[in-house]
Amino acid sequence: QAQGAAPAAARATQAPVPDCPVRSPLAPGRIAADALLRGMPGSGGRLQCAAMTDTAPVPLLAARGLAFARNEVPVFGPLDFAVEAGEALLVQGGNGSGKTTLLRVLAGLLRADAGGIEIEGQPAAPASRAHAIAYLGHLPALKGELTVEENLRFLCGLHGRRPGQTIGDALAIVGLSGYEDAPARQLSAGQKKRVGLARMWLSPAPLWLLDEPYANLDLDGINLVNRMIPAHLRAGGAALVTTHGAYAAPPVRTRLLEL
């Protein structure tokens, strides 16, 4: 089978992106999707988050004076920003401006040189990051010899799974039904990105860090990202999306951070 070719059972269409709940790292109780959609009694119509001490909402993520340098050369910062449930922060900048580095610092993959990060009002720690953050980087994070389903099953074992969603559901959403048994090494770059998007959809983490999510995707894939992000935000999640400006911002409540 040629690289990137569709298995015989594969469908050409993508399933609709449903509204599904995500979990709060400090209040891990889960709410049924229909409660989120219809505002049933007890749900408040949105994700349950940590208790707040005043009337102002506690952001899912906040950065205070955040800065990073490489070999004593500043890459970004100091930066102050926050992302609340239900909104997206668009991080824009040219090549080398520090967009990827910023997301890696937020994900805990790099250590900041100054400042601090809070998750729902508490200092970020490895455990809270693991529960709160799902990260989609430039690399596919797939084992080439494992099948698509095996890769996703392994990642769900590490990070958990969004309630009510199956691997088959996620693959249908990203247009990869029928690829369950395809080895990841046979996929094209765009198909690997779609598997990464399926992994994000399966994650119960409320905060998505998306590093150039439109890269390697065709127009259909770009539209897919622009459907997934609003669905995640409607479920009480939030997203940080990096872009160099070649694509329009996702069609959601968005604030801009220029690097």
Side-chain angles (χ1 to χ4, degrees), residues 1-23 30-34 36-37 88 134-206 208-237 239 241 247 250-252:
Q1 178 172 301
Q3 181 175 1
R11 297 183 218 155
T13 58
Q14 296 165 172
V17 180
D19 288 313
C20 296
V22 293
R23 73 182 179 198
R30 294 170 177 174
I31 308 171
D34 59 352
L36 279 169
L37 290 172
Y135 174 61
L136 180 68
H138 289 287
L139 298 178
L142 300 173
K143 296 287 188 181
E145 297 308 311
L146 296 182
T147 67
V148 168
E149 182 173 0
E150 288 169 340
N151 270 287
L152 291 175
R153 196 172 301 281
F154 173 74
L155 292 165
C156 286
L158 284 177
H159 305 298
R161 185 181 301 182
R162 188 186 291 251
Q165 291 295 293
T166 67
I167 289 173
D169 293 333
L171 289 176
I173 287 169
V174 302
L176 289 182
S177 287
Y179 285 81
E180 289 85 350
D181 296 325
R185 59 180 166 76
Q186 293 183 353
L187 302 180
S188 69
Q191 289 167 338
K192 289 176 181 176
K193 175 61 70 72
R194 286 174 182 257
V195 176
L197 291 169
R199 171 175 62 84
M200 298 297 288
W201 185 254
L202 287 167
S203 171
W208 285 2
L209 303 181
L210 305 175
D211 195 6
E212 302 282 3
Y214 302 108
N216 296 321
L217 291 176
D218 55 18
L219 184 58
D220 228 19
I222 291 170
N223 291 332
L224 168 66
V225 173
N226 283 340
R227 293 196 305 274
M228 289 180 67
I229 292 176
H232 181 64
L233 269 55
R234 287 195 300 270
V241 183
Y247 303 101
V252 292

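Only heavy atoms go into these numbers, but all of them, side chains included; no hydrogens, no water, no symmetry mates. Note that the structure is predicted; figures quoted are calculated from it, not measured.
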query: Is there a side-chain contact (heavy atoms from CB on, under 4.5 Å) between Asp211 and His138 once you walk through the steps?
result: CA-CA 7 Å; Asp211 195 6; His138 289 287; 3.2 Å; yes
query: Listed by chain and number, what are the salt bridge (charged side-chain N to carboxylate O under 4.0 Å, His left out) partners of Arg199, not counting sequence neighbours?
result: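 Per chain and number, Arg199 pairs via salt bridge (charged side-chain N to carboxylate O under 4.0 Å, His left out) with no residue.
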message: Let's go through Val195 and Tyr179 carefully: what are the C-alpha distance in whole Å and the side-chain angles of both, what is the deciding distance for side-chain contact (heavy atoms from CB on, under 4.5 Å) to 0.1 Å, and is it a yes or a no?
response: CA-CA 10 Å; Val195 176; Tyr179 285 81; over 6 Å; no
Look up atom [atom1] in [X] and atom [atom2] in [Y], then write down how far apart they are to the nearest 0.5 Å.
| X | Y | atom1 | atom2 | value |
| --- | --- | --- | --- | --- |
| Arg153 | Arg161 | CZ | CZ | 6.0 Å |
| Met200 | Leu155 | CE | CG | 11.5 Å |
| Arg194 | Asn216 | CZ | CG | 11.5 Å |
| Leu142 | Gln191 | CG | CD | 11.5 Å |
| Leu136 | Leu209 | CG | CG | 9.5 Å |
| Cys156 | Gln165 | SG | CD | 10.5 Å |

- prompt: Are there more than 12 heavy atoms of other residues, nucleotides or ligands under 6.0 Å from atom CG of Leu158?
  reply: yes
- prompt: Which word best sums up how the rings of Trp208 and Trp201 line up, parallel for under 30°, tilted for 30 to 60°, or perpendicular for over 60°?
  reply: perpendicular
Has [X] got a side-chain atom pairing as donor or acceptor with [Y]'s backbone, closer than 3.5 angstrom?
| X | Y | answer |
| --- | --- | --- |
| Glu150 | Val148 | no |
| Asn226 | Asn223 | no |
| Asn151 | Lys143 | yes |

message: I'd like to check Val241 versus Pro213 (side-chain heavy atoms, cut-off strictly below 4.5 Å). Are they in contact?
response: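 Heavy-atom side-chain distance check passes, below 4.5 Å.
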field: Sidechain N-carboxylate O distance under 4.0 Å for Asp218, Lys193
entry: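 No, Asp218 and Lys193 are not salt-bridged.
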task: Check step by step if side-chain contact (heavy atoms from CB on, under 4.5 Å) holds for Leu217 and Leu224.
output: CA-CA 9 Å; Leu217 291 176; Leu224 168 66; over 6 Å; no
Nearest atoms (heavy-atom pairs only) where [X] meets [Y]:
| X | Y | result |
| --- | --- | --- |
| Ser177 | Ala172 | OG-CA, 3.2 Å |
| Asp169 | Gly164 | OD2-O, 3.8 Å |
| Ser203 | Ala134 | OG-CB, 3.6 Å |

